[in-house]
Amino acid sequence: MTVRFDIAQDLERILQVTAAELKPFDETFSAEIRQADPRFGDYQANGVLPFARSRNLNPRSLAETLTKALIESGRLEPEVAQVSVAGPGFLNFKLQPSFLFRWLETFQNREQLREAASRHYEGRKVVVDYSSPNAAKQMHVGHIRSTVIGETIKRMLSFYGARVIGDNHIGDWGTGFGKLILAIKAAGYDLEAERENPLADLEALYKKGNQMAEESPEALEQARQELVKLQNDDAENRSCWEAINRISRSGFQKIYRRLGVTFDHELGESFYRNRVERVYRELEETGVGRESEGAWVVFFPHHARFKEQPFIYRKSDGASNYASTDLATALYRSEAFEAEEIIYVTDARQRDYFEQLFLTLAAWFEKKSYKLPRLHHVWFGTILGNDRKPMKSRSGAPILLNDLLDEAVERAMRIVEEKNPHLTPGEKQDIAETVGVGAVRYADLMQNRTGDYVFSWNKLLSLEGNTAPYLLYAVARIKSIFRKMGVPEDTPLPHATPPETEAEIGLARKLTAFSYALDQALSDLKPHHLCTYLYELAGAFSTFYNADKVNVDEPGPRQRRLMLCQRTSLVLQTGLHLLGIRPLEKM
RNA sequence: GCACCCCUAGCUCAAUUGGAUAGAGCACCUGACUACGGAUCAGGAGGUUACAGGUUCGACUCCUGUGGGGUGUGCCA
């Protein structure tokens, strides 16, 4: 058997081929390879049971037959894996040390891993729409999930060979700007002046504008006029709007830099303001949209809910809304980017909305014979405080993302000071930033995104359990071993041999499961599967580290253990990179 | 009202998409080479998976109902 990155797929293939040649089996048989409980093996095939049931055959003897045929076919050499029948009719595969070793020898660096993994999504063109803050507002906790989950999905897809386009769909257009411009003018606020935190000023002015419009009908009317002037390209309002956007984007950029988040495009809603006319026209001419109560809407007569709950894509005053620009955006991505797939990362409250958006796009594209990209709504739950209510600051305001990260870094700094006081101030600062920001980010990613979760500083930075510091610590210890032994991390190990001790084998088995973890994380776009895996890998390393000393005199154990260190470091760092966390030399 | 999501150990969360004896961390208890970095490791205890039925070789997972929590539901995004 050739050594491939994804062992499960190889096992699936040889089992499938063997069954195809074997009497009672036919094309309805599916091997169903899954990761097994480590006590039983590395992988198991579950497919015999349902097949036997459908034919009214004895699953146990059917499994025996298949196992025998597999061994006799020579497709599974005994030095690759032991196969056995267990329980009611499971096939268990236990990878052998010699094969584990061959796998470790084959994948020596990030590029080799990436190349092997990239077969999965080879060239598929995917747009990931994430983060998407609103102009003139500071980013707060509500933006963290979309930002970090989106970034990780983007990185994972790219690792799997997709051509990924990250697009930050900034809310830079809409009715709010009239009020904001009104408030800016009323306050005489100079948008060009140097300020400490101009985005915070804009946010305050925005609130002020809202308040003014609420309190007086004249102000509301003035705000409306300002908006009309902006929409008609009035020079003054236009440059005002541009300044607002410049300030907003530079404010967002500070956070993105800190989080290592980058976008290929930041086409905000304003980019589509002249592209909605086509949406209106085509939805009307295809009969997908219709007028209702003065607005333009889409109903779905066969849908339990949406036969009565409208999808409003043009307001009764003729103006566009979120839906209009999202429709135009999807069309643009399909035509200009040739997107085969679009992934939207937003909170769970928008589920209905996206279901309607997708249904509308499907109906519209079908009528026009446009190619419809695959559409995914990657939704996530709310971050809760200790009171189990959406997380807020003491005053009730949303917690600013920057403040949250600052606090994480401060707390991490206190721990670094305590644990490692001898490091230089520069090192401490660097470690605190990585540990603090990484801990916040990891705490988010390690949760199943579909649930709400309770935010807790203790859990985050207690630095025990399934946390970023635990993973970073494992990497730092490996790097420390190489430093101590005076060899570079990529030193060649020509005399390394297959793993022998229980801890060595356990670690090697875990390493080969990397591809399975990525498959899981990508199949349902849930990064927490990758986190769980990395945590278990770091755990297997710690067990190994405590059980078997690397820096020993005998060259045999020394080299084979060094190889395990190299590969653990490689997989952990690759995984951390996919999560957007930078590894540390020391901590 | 209707629709959707959720309920797993004292707490915070997993569970390979219907698979084997439901797993981790925290907290609690017992241990570890004067340390290749103890921000670690080994072990113990802790469960009627909200509840009641059903489907089948097998259910935390699927179907029905009940209770509890959350979200959405015509001009915000």
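Since we're looking at a predicted model, the values are computed, not measured.
Between the side chain of A:N92 and the base of B:A20, a donor-acceptor pair under 3.5 Å is found. For B:A77, the base has no donor-acceptor partner in the side chain of A:E269 [N/O atoms by modelled type, under 3.5 angstrom]. Between the side chain of A:S316 and the base of B:C75, at least one donor-acceptor pair of N or O atoms lies under 3.5 Å. Between the base of B:G74 and the side chain of A:S292 there is a donor-acceptor pair shorter than 3.5 Å.
As rounded to whole Å, 9 Å separates atom P of B:C41 from atom OH of A:Y473. Per the geometry, CD belonging to A:Q350 stands 14 Å off C1' belonging to B:U73, to the nearest Å. Rounded to whole Å, the distance from OH on A:Y43 to P on B:U16 is 16 Å. Here B:G70 presents its P atom at 19 Å from CG of A:D352, a figure rounded to the nearest Å. We find that CG of A:D347 is positioned 19 Å from P of B:C4, with the value rounded to whole Å. What separates CG of A:D129 from P of B:A77 is a distance of 15 Å, to the nearest Å. Protein atom CG of A:D387 is 14 Å distant from nucleotide atom C1' of B:G70, rounded to whole Å. The nearest whole Å value for the distance from the NZ atom in A:K549 to the P atom in B:C33 is 14 Å.
Contact annotation for A:P50: base contact, defined as any heavy-atom pair under 4.0 Å involving a base atom. Base engagement by A:D548 is indicated by at least one non-hydrogen atom pair under 4.0 Å involving a base atom. Heavy atoms of A:V454 sit under 4.0 angstrom from primed sugar atoms or phosphate atoms, though from no base atom. A:E308 comes within 4.0 angstrom of nothing in the nucleic acid, heavy atoms only. In this structure, A:Q520 reaches the sugar-phosphate backbone alone: every heavy-atom distance under 4.0 Å involves primed, P, OP1 or OP2 atoms, never a base. Among the atoms of the strands shown, none is found under 4.0 Å from any heavy atom of A:A319. The residue A:A348 sits apart from the nucleic acid: no heavy atom pair falls under 4.0 Å. Using a 4.0 Å heavy-atom criterion, one finds that A:L472 contacts no nucleic acid atom at all. Within 4.0 Å (heavy atoms only), A:Y453 reaches sugar-phosphate atoms of the nucleic acid but no base atom. The residue A:E293 sits close to a base: some heavy atom pair falls under 4.0 Å.
You cannot call A:Y545 stacked on the base of B:U40; the centres under 5.5 Å and planes under 30° rule is not satisfied. Stacking between A:Y470 and B:A39 is absent: the ring centroid is not both under 5.5 Å from the six-membered base ring centre and under 30° in plane angle.
Of the candidate nucleotides B:G37, B:G74, B:A14, B:G37 has the atom lying nearest to any side-chain atom of A:A476. For A:T543, the listed nucleotide lying nearest its side chain is B:C41; candidates were B:C13, B:U40, B:C41. Between B:C76, B:A15, B:U12, one nucleotide has an atom nearer to the side chain of A:N448 than all others, and that is B:A15. Considering only side-chain atoms of A:R53, the nucleotide from B:U40, B:G25, B:U56 that sits closest is B:U56. When distances run from any side-chain atom of A:Y535 to the nucleotides B:A15, B:C36, B:G25, the shortest one goes to B:G25. Closest to the side chain of A:K484, out of B:A39, B:G19, B:C36, is B:C36. Among the nucleotides B:C41, B:G74, B:C4, the one closest to any side-chain atom of A:S542 is B:C41. Side chain of A:F90, nearest nucleotide from B:G74, B:A39, B:G19: B:G19. The side chain of A:I415 sits closest to B:A39 out of B:C13, B:A39, B:C57. Checked against B:A24, B:A77, B:C75, the side chain of A:N134 finds its nearest nucleotide in B:A77.
In summary, the aromatic rings of A:F177 and A:Y206 are positioned with their centroids too far apart to meet the 6.0 Å limit. Note: A:Y353 and A:Y322 meet the aromatic proximity criterion, with ring centroids under 6.0 Å apart. Taking the centre of each ring, A:F306 and A:F311 stay at or above the 6.0 Å mark.
One C1' atom belongs to B:G10, the other to B:G46, and the distance between them is 9 Å to the nearest Å. For B:C29 and B:G65, the P atoms lie 47 Å apart once the distance is rounded to whole Å. For the P atom pair drawn from B:G25 and B:A42, the interatomic distance equals 9 Å after rounding to whole Å. B:C11 sits 25 Å from B:U21 when the C1' atoms are compared, rounded to a whole Å. Comparing B:A59 with B:U12, their P atoms are spaced 28 Å from each other, to the whole Å. Rounded to whole Å, the C1' atom of B:C7 lies 15 Å from the corresponding atom of B:G47. A distance of about 45 Å separates the C1' atoms of B:C4 and B:U40, rounded to the whole Å. B:C76 and B:U16 are spaced 42 Å apart, taking the P atom of each and rounding to whole Å.
Side-chain contact between A:C531 and A:Q447 is absent, with no heavy atoms from C-beta onward closer than 4.5 Å.
Ranked by how close their nearest RNA chain B nucleotide is to the 5' end, A:V297 and A:A36 are led by A:A36. Mapping A:K389 and A:I33 onto RNA chain B by nearest heavy atom places A:I33 closer to the 5' end of the strand.
There is no side-chain donor-acceptor pair under 3.5 Å between A:N321 and A:R314. A side-chain N or O of A:E489 and one of A:S569 form a donor-acceptor pair less than 3.5 Å apart.
Within the 4.0 Å cut-off from OP1 or OP2 of B:A15, at least one side-chain nitrogen or oxygen of A:H528 is found. Residue A:R388 has a polar side-chain atom (N or O) positioned under 4.0 Å from OP1 or OP2 of B:U12. The side chain of A:K315 contributes an N or O atom lying less than 4.0 Å from OP1 or OP2 of B:C76. Contact check, A:R477 against B:G38: a side-chain N or O comes under 4.0 Å of OP1 or OP2. OP1 or OP2 of B:A15 has at least one side-chain nitrogen or oxygen of A:H529 nearer than 4.0 Å.
Checking B:C13 for Watson-Crick or G-U wobble geometry (two distances, each under 3.5 Å) identifies B:G23 as its partner. Nucleotide B:G18 forms a pair with no other nucleotide shown, judged by Watson-Crick or G-U wobble geometry with both contacts under 3.5 Å. Searching all strands for a Watson-Crick or G-U wobble partner of B:G1 with both distances below 3.5 Å returns B:U73. Nucleotide B:C62 forms a Watson-Crick or G-U wobble pair with B:G54, both donor-acceptor distances falling under 3.5 Å. Nucleotide B:A32 forms a pair with B:U40, judged by Watson-Crick or G-U wobble geometry with both contacts under 3.5 Å.
Salt bridge status for A:R249 with A:D172: present, with a side-chain N to carboxylate O gap under 4.0 Å. In summary, A:D10 and A:R13 engage in a salt bridge, as defined by a charged side-chain N under 4.0 Å from a carboxylate O.
Atoms OG and CD, from A:S132 and A:E269 in turn, are 8.5 Å apart once rounded to the nearest 0.5 Å.
The shortest heavy-atom contact between A:H529 and A:Q520 is ND1-O, 3.6 Å.
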